[in-house]
Amino acid sequence: MELIQLDPYRWEVPQDHERGMRVPARIYADDRLMAAIRNDQSLVQVVNGATLPGIVGASLAMPDMHFGYGLPIGGVVAMDPDTGVISPGGTGYDINCGVRLLRSNLVEQDVRPRLKTLVEELFRRIPTGVGSRGKLKLSPADERAVTLRGARWAVQQGYGSEADLACIEAGGCLEGADPDKVSSKAFERGRSQVGTLGSGNHFLEVQIVDEVFDEHIANVFGLFAGQIAVLIHTGSRGFGHQVCTDYLVVMERCMERYGIQLPDRQLACAPFRSPEGQDYLAAMRCAANFAFANRQCITAWARQVFEQVLGMGPRDLGLALVYDVAHNIVKIEEHLVNGTRRQLVVHRKGATRAFPPGHPEVPPQYRAVGQPTLIPGDMGRASYVLAGTQRAMEETFGSTCHGAGRALSRHAAKRLAKGHAIQRELEDRGIIVRYTGRATLMEEIPEAYKDVTDVVNVVHAAGISRKVARLRPIGVIKG
DNA sequence: ATGTCC
């Protein structure tokens, strides 16, 4: 297909009517990242996204893009609510997979002597792995409350504070969730999974702020070089997975009736205003709220572990929430399209909201500098804190990348990891790792990922977010 | 990502 380089960081596949494209596809990458993308199936997927009814602007892909279900991971598509569709594959299986960052009053020498104990206690207290079950015993009524109230439910149970809620995307609770649109099977799978980490690239890391790129914004976010921080990466576990599974079936059944034809059945979708579309939206919001509550509970336990292991009180620790972002979600947002304010159905799938300075949805304490945007990398290299920009608002519906992005398939990663003592190799570099699944650790070997620094440099240079700080892991727990 | 095939 035709792929035109617009500038050093932007590429376009022009609208091709024969392919059914309604808009162009646009990809953010430099030459090196594009070399990996060019012959990848994910390029076909971002082009396929351009065929979705009602799509506005362009089908977008971030530099961490890689192959996913239907749309690439790293994709952003925005639809007109009156003429467009909503697509479960445009959000992904792990609804509201996301990340939250806690800052602290600590520096490395405060934790290094107790680091092994700290990581072991975090691992003991926070359930990890596929099928992991938490210590919370929820009644069906409790679980419904989780889906309606999100992180607020967790705070009301004593897990964290009101101050935390102010530092979560959407306040940790999406309006319009309807548990009656969620299957009993999803509720059964989720019942024991609030407050669990899961598997794959999900993790809790103890990190050090390794380099500050923007002193002013870092200061506003409460970050400084040498500081200890905690990054928590998890989602809606089996609950969201089941919601996605259920609604893919619903959409596949109704697409023909709505006269929707697409190049890939994995893009299954329904008109946004249809009953099926609205039901998915309400169920997706339940799963998003489940994930916000999940991260909130884990946060409370992480704080307790720090207090016990370091023998410090909460005020001295200062483990305050910097921010919590969703990576896989559908949001109804207002955007300027060719000079006109419009409500749009924004699908972010492996992409992060990056709202600019002055945006009303950025918490007041950060509003002058833009929304904190959290980019987890692999467990051996780094993660980043970025800030949202006006250019993101103008070009990417206020979105940026979400992580390093896989360079190797899980199978290829396992093959590469054979013969590596991953845990020991990381420990030799001062990174303590505790994990549940050996196979997962192999799939997550740092070399399986693109270098998150390359990805972040592209979104920074393209102007769709601004580099604030780099963090490096010293303690990791994984599923 | 996921009770990694009910």
Side-chain angles (χ1 to χ4, degrees), chain A residues 42 45 64-75 87-100 127-134 138 143 182-204 232-249 266 268 283-284 286-288 290-292 294-295 298 325-330 347-352 376-379 401-415 417 435-445 448-449 477-479:
Chain A
S42 62
Q45 291 185 314
D64 50 335
M65 72 184 278
H66 58 109
F67 186 74
Y69 185 92
L71 277 190
I73 294 159
S87 170
T91 312
Y93 274 92
D94 190 3
I95 295 164
N96 193 3
C97 176
V99 196
R100 60 167 54 189
T128 62
V130 177
S132 58
R133 299 160 73 87
L138 300 192
E143 198 184 8
V182 174
S183 68
S184 55
K185 199 170 175 183
F187 274 109
E188 282 161 27
R189 288 181 68 177
R191 183 102 70 232
S192 58
Q193 294 190 316
V194 176
T196 65
L197 198 56
S199 176
N201 67 349
H202 290 168
F203 61 70
L204 182 149
I232 298 166
H233 181 192
T234 185
S236 52
R237 309 285 285 102
F239 184 95
H241 191 276
Q242 191 62 45
V243 167
C244 183
T245 302
D246 291 340
Y247 278 93
L248 281 168
V249 174
Q266 291 188 354
M284 190 280 312
C286 288
F290 186 105
F292 283 134
N294 188 21
R295 292 196 285 275
I298 291 171
V325 290
H327 284 164
N328 290 358
I329 203 159
V330 179
H347 298 64
R348 295 193 182 90
K349 179 184 186 180
T352 315
D378 64 79
M379 62 185 163
C401 64
H402 89 303
R406 273 198 170 274
L408 300 179
S409 70
R410 292 178 185 208
H411 183 72
K414 258 187 273 200
R415 209 164 35 204
Y435 63 94
T436 298
R438 168 78 189 155
T440 298
L441 194 75
M442 292 170 80
E443 290 167 6
E444 293 297 309
I445 189 169
Y449 285 89
I477 73 168
K478 283 193 82 78

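Residue numbers start from 1 in every chain, and the chains themselves are labelled A, B, ... in the order their sequence lines are given, proteins ahead of strands.
- Remark: C1' of dT2(B) and CG of Leu197(A) are 14 Å apart, rounded to the nearest angstrom.
- Regarding Asn294(A), its CG atom lies at a distance of 10 Å from the P atom of dT2(B), rounded to whole Å.
- Between the Ser236(A) side chain and the Phe239(A) main chain, no donor and acceptor come within less than 3.5 Å of each other.
- Rounded to an integer number of Å, the gap from CD of Glu443(A) to P of dT4(B) is 13 Å.
- The shortest distance between side-chain heavy atoms of Gln193(A) and Asn294(A) does not fall below 4.5 Å.
- Residue Arg410(A) places none of its side-chain N or O atoms closer than 4.0 Å to OP1 or OP2 of dT4(B).
- Note: OH (Tyr93(A)) to P (dT4(B)) measures 13 Å, nearest angstrom.
- Atoms CZ (Arg237(A)) and P (dT4(B)) sit 12 Å apart, rounded to a whole Å.
- Counting non-hydrogen atoms under 4.0 angstrom, Ser199(A) reaches the backbone sugars and phosphates but no base.
- Gly92(A) comes within contact range of no nucleotide atom at all, as no heavy-atom separation falls under 4.0 Å.
- Note: CD (Glu188(A)) to C1' (dT2(B)) measures 16 Å, nearest angstrom.
- The aromatic rings of His327(A) and His233(A) stand perpendicular to each other, their planes meeting at an angle above 60°, with 30° marking the opposite boundary.
- Residue Arg133(A) contributes atom CZ, which lies 15 Å from atom P of dT2(B) at whole-angstrom precision.
- Counting non-hydrogen atoms under 4.0 angstrom, Gly235(A) reaches nothing in the nucleic acid.
- Whole-Å rounding puts the Lys185(A) NZ to dT2(B) P distance at 16 Å.
- Looking at heavy atoms from C-beta onward, Phe292(A) lies in side-chain contact with Asn96(A) at the 4.5 angstrom threshold.
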